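The next block holds one structure in the form of structure tokens; read it before the comments.
Predicted, not measured: the structure shown is a model, and the values here were computed from it.
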Amino acid sequence: MNWANDSSSKGFILLGFSDSPWLQMPLLVVLLISYTFTLFGNVSIMVVSILDPKLHTPMYFFLANLSILDLCYTTSTVPHMLANICLNKNTISYGGCVAQLIIFLALGATECLLLAVMSFDRFVAICRPLHYVIIMNRWCCLRMAALSWLTGFSLSVLQSCLTLNMPRCGHREVDHFFCEVPALLKLSCADTKPIEAELFFCSVLILLIPVTLILISYGFIAQAVLKIRSSEGRRKAFGTCGSHMVVVFLFFGTVIYMYLQPPSSTSKDWGKMVSLFYGIITPMLNPLIYSLRNKDMKGAFKRVMSRTFLIKK
């Protein structure tokens, strides 16, 4: 039986914290606060990166891409979650579930690749400074960003098709806040081991390969930085990479926990909390991490605000 045939008219029921209704209001507050900060922080980074000429560099081009991605990432799930809580509903249409699944997977996969590209940019800047302008030229940056987005969406369509074509024998209750692969696979009434193996292989490609490349890049970066005699130079070099490493740790750590183990072995409540962290909290923290730890970004904010104030006067 095809999922589309028995779900398109009825949709799905998202259980969320239905067994603990007292958590609905705290969740609403967390969602409102995090989504507000996510919108403000990521839009601010995008605007500043465009308006300030000093930020027209590969590093901030990729950071702007990350901000666009994080903004779309949370928007694919949070508004619907907020509407369901406010309206005391727990449903999602079949089409809405499919769109949510594809977009959420695509943006998550794209972020994995984009973080790897950003680590390569830092590797070239620190280990090959004399060749940086030649290697990280405009055309190269555009191609790497486009390839990240294209690969992310291609893998998402593949994983979504594999997941949605599993028979579920009329089961409609998704024990989650939104449509995500591990939760949807638990609805299947067939043997999910073959599909889990295929999804595991895709997850290894999109998770372990980028994180391995990131670790290799930072291994070379650490070697190069330790050779710098000036303590100020070492501090500046590590400063440009510190923010990126924090983001990598937060994002990859939680996503690997969810996707590199069988869905049956994941605690349902813990799995929900982990999904909320990398799907909602991490996109909120990214702008704070980059803006608070980055002197160039803080200086750009001040310059843009000063110009805006002068124009208004």
Side-chain angles (χ1 to χ4, degrees), residues 14 16-17 23-52 55 59-86 92 96 99-115 117-118 145 148-149 152-153 156 176-180 242-255 257-258 271-294 297-298 300-301 304-305:
L14 300 171
F17 283 143
L23 288 173
Q24 295 285 75
M25 189 53 63
L27 178 61
L28 177 65
V29 173
V30 170
L31 289 176
L32 282 172
I33 294 174
S34 62
Y35 191 53
T36 300
F37 274 100
T38 299
L39 288 174
F40 177 76
N42 286 292
V43 169
S44 297
I45 286 179
M46 286 187 288
V47 171
V48 170
S49 298
I50 293 171
L51 295 182
D52 194 289
L55 298 187
M59 176 180 173
Y60 295 102
F61 168 74
F62 294 126
L63 180 57
N65 270 265
L66 183 64
S67 293
I68 295 171
L69 191 151
D70 282 339
L71 191 59
C72 297
Y73 199 46
T74 52
T75 302
S76 68
T77 57
V78 174
H80 185 267
M81 292 167 63
L82 289 172
N84 273 1
I85 294 174
C86 292
I92 185 170
Q100 198 173 76
L101 178 65
I102 292 175
I103 294 172
F104 193 77
L105 272 176
L107 296 176
T110 303
E111 181 155 353
C112 293
L113 298 171
L114 197 58
L115 289 173
V117 169
M118 293 173 75
S148 297
W149 286 89
F153 273 86
S156 171
H176 212 310
F177 299 102
F178 51 87
C179 293
E180 193 176 21
S243 300
H244 183 254
M245 284 302 295
V246 173
V247 171
V248 166
F249 175 78
L250 291 175
F251 181 75
F252 276 99
T254 49
V255 175
Y257 171 84
M258 281 296 294
K272 293 177 192 177
M273 298 306 296
V274 172
S275 295
L276 286 178
F277 187 85
Y278 68 72
I280 297 167
I281 304 301
T282 301
M284 176 192 70
L285 294 176
N286 286 353
L288 295 175
I289 293 169
Y290 277 108
S291 59
L292 291 178
R293 291 178 56 88
N294 192 301
M297 185 60 70
K298 288 188 283 187
F301 273 118
V304 170
M305 292 302 293

Does the side chain of [X] reach to within under 4.5 Å of the side chain of [Y], using non-hydrogen atoms?
X	Y	answer
Leu276	Leu27	yes
Cys86	Leu28	yes
Cys112	Phe252	yes
Gln100	His80	yes
Pro283	Leu71	no
Glu111	Leu107	no
Leu63	Tyr60	yes
Asn65	Trp149	yes

Nearest 0.5 Å please: distance from the [atom1] atom of [X] over to the [atom2] atom of [Y].
X	Y	atom1	atom2	result
Leu105	Thr110	CG	OG1	10.0 Å
Phe61	Leu66	CZ	CG	12.0 Å
Met81	Ile280	CE	CD1	4.0 Å
Leu113	Ser148	CG	OG	5.0 Å
Phe251	Phe277	CZ	CZ	11.5 Å
Asn42	Leu69	CG	CG	9.5 Å

Might you point out which heavy atoms bring [X] and [Y] nearest each other, and give the distance in Å?
X	Y	value
Ile102	Ser156	O-OG, 2.5 Å
Thr36	Leu32	OG1-O, 2.7 Å
Met284	Ser34	SD-CA, 3.4 Å
Leu14	Phe177	CD1-O, 3.4 Å
Glu180	Ser275	OE1-OG, 2.8 Å
Leu114	Phe62	CD2-O, 4.0 Å

Inset, instruction - Anything under 30° is parallel, anything over 60° is perpendicular, the rest tilted; go ahead and classify His176 against Phe178. - result: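 Plane angle between 30° and 60°, so tilted.
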Inset, instruction - Provide the full list of side chain to side chain donor-acceptor pair (under 3.5 Å) pairs with a residue in residues 70-79, sequence neighbours left out, each pair given once. - result: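 Side chain to side chain donor-acceptor pair (under 3.5 Å) check on residues 70-79 returns Tyr35-Thr75, Asp70-Asn286.
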Legend entry - Enclosure of Phe153 CZ (heavy-atom neighbours >12, cutoff 6.0 Å):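 Yes, enclosed.
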